[in-house]
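The figures here come from the full heavy-atom set of this structure, side chains too, leaving out hydrogens, waters and symmetry mates.
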Amino acid sequence: CAKLMRDKGEKFVSSTQISKQINIDSSQIAKDLSYVDISGRTRVGYEVDLLISVLEDFLGFTNLHRAYLFGLGGALLRDSGLSHFGLKIVGAFDVNPDLVGTEINGIPIYHTDELQLRMQKDKVNIGVLTVPIAISQQVTDKMVEGGIKAVWNFTPFRIRVPEGIVVQNTSLYAHLAVMFNRLNENMKNNVII
């Protein structure tokens, strides 16, 4: 939101302005911003460039983390915006012979058996898991054995990892179910969002 406002030429932004843009109560925004090292000016707000800098630093977006994609989440390979948030996918792994040895968006696709060798060369510590549910734990085990320290899990399966490995579950299916539920409730009540 702050970046969009900066792009519109704004020099300062208030929690009220942010509230209107992202539909979150301004008191919650002010409370959240109290956790970072920034203070706004009464009736003026926060300096936009400083706010962006402080938030990017707090959220870890200023450090570029290198990642591998497991399975072929083609949309993620084509999403160059991830690097703006500190994540650069430098390789993908699959077992499909039609894909191995090719590239998508300049990102090479390797056979899963090459993980150990690639890990030594590429210094990657994050794995993005987009494989079918049936093999998600098996691929996770292989990632951890290969040296991956964090897993961004897009599968609905809750993978098991050793202590010290970071897992972030992002269930598209759970969010889809929530959306369907909200849509069904609104349709019952004839409410349009």
*Look only at the side chain of D57 and the backbone of S53, and say whether a donor-acceptor pair between them is shorter than 3.5 Å.*
no

*Taking all non-hydrogen atoms of both residues, which atom of V54 and which atom of D37 are closest, and how far apart?*
CG2-O, 3.7 Å

*asked:* To the nearest 0.5 Å, what is the distance between CG on L129 and CD on Q137?
replied: 9.0 Å

*Would you say T155's side chain and S136's backbone share a donor-acceptor pair under 3.5 angstrom?*
no

*Does I159 share a hydrophobic cluster with I133, counting links as ILVMFWY side-chain heavy atoms below 4.5 Å and allowing steps through other members?*
yes

*For Y68, which of D122, I107, I89 qualifies under side chain to side chain contact (heavy atoms under 4.5 Å, CB included)?*
D122

*asked:* Check whether Q28 reaches the backbone of D25 with its side chain - one donor and one acceptor, N or O, closer than 3.5 Å.
replied: no

*Count the heavy atoms of every other residue, nucleotide or ligand shown that sit under 6.0 Å from CD of Q138, and state whether that count exceeds 12.*
no

*Over all atoms of both residues, closest heavy-atom pair of V124 and I148*: CG1-CD1, 4.1 Å

*When rounded to the nearest 0.5 angstrom, what distance separates CD in Q116 from CE in M119?*
8.0 Å

*Which heavy-atom pair separates C1 from Q21 by the least distance, and what is that distance?*
SG-CB, 3.5 Å

*Criterion side chain to side chain contact (heavy atoms under 4.5 Å, CB included) on V95 and H111, from CA distance to verdict*: CA-CA 5 Å; V95 293; H111 192 280; 4.0 Å; yes

*Which one of T130, T170, N169 satisfies the side chain to side chain donor-acceptor pair (under 3.5 Å) criterion with W152?*
T170

*How about D7: does its CG atom have over 12 heavy atoms from other parts shown lying under 6.0 Å from it?*
yes

*Could you state the interatomic distance from CZ (R160) to OG1 (T140), rounded to the nearest 0.5 Å?*
9.0 Å

*Ring center gap for Y46 and F12 short of 6.0 angstrom*: no

*asked:* Would a single hydrophobic cluster contain both L4 and L50, if residues Ile, Leu, Val, Met, Phe, Trp and Tyr are joined by side-chain heavy-atom contacts under 4.5 Å?
replied: no

_To the closest 0.5 Å, what do you measure between CE (M143) and CG (L115)?_
8.5 Å

*What about V48 and I22, same hydrophobic cluster or not, with Ile/Leu/Val/Met/Phe/Trp/Tyr joined at side-chain heavy-atom distances under 4.5 Å?*
yes

*Mutual orientation of the aromatic rings belonging to Y110 and F93 [parallel < 30°, tilted 30-60°, perpendicular > 60°]*: tilted

*Cluster check V144, F157: I/L/V/M/F/W/Y, side chain < 4.5 angstrom*: yes

_Cationic N near anionic O, under 4.0 Å, E47 to R6_ = no

*T112 side chain near V139 side chain, heavy-atom distance below 4.5 Å*: no

*When you measure from the side chain of E103 to the backbone N and O of I109, does any donor-acceptor pair fall under 3.5 Å?*
no

*For S19 and S26, which heavy atoms make the closest approach, and how far apart are they?*
OG-N, 3.4 Å

*Can you tell me how far CD of Q17 sits from CD1 of I29, rounded to the nearest 0.5 angstrom?*
10.5 Å

*With the threshold set at 4.0 Å, does a side-chain nitrogen-carboxylate oxygen contact exist between R118 and D113?*
no

*NZ/K142 to CD1/I135 distance, rounded to the nearest 0.5 angstrom?*
10.5 Å

*Consider only side-chain heavy atoms of I, L, V, M, F, W and Y, link residues closer than 4.5 Å, and tell whether I52 and F85 are in one cluster.*
yes

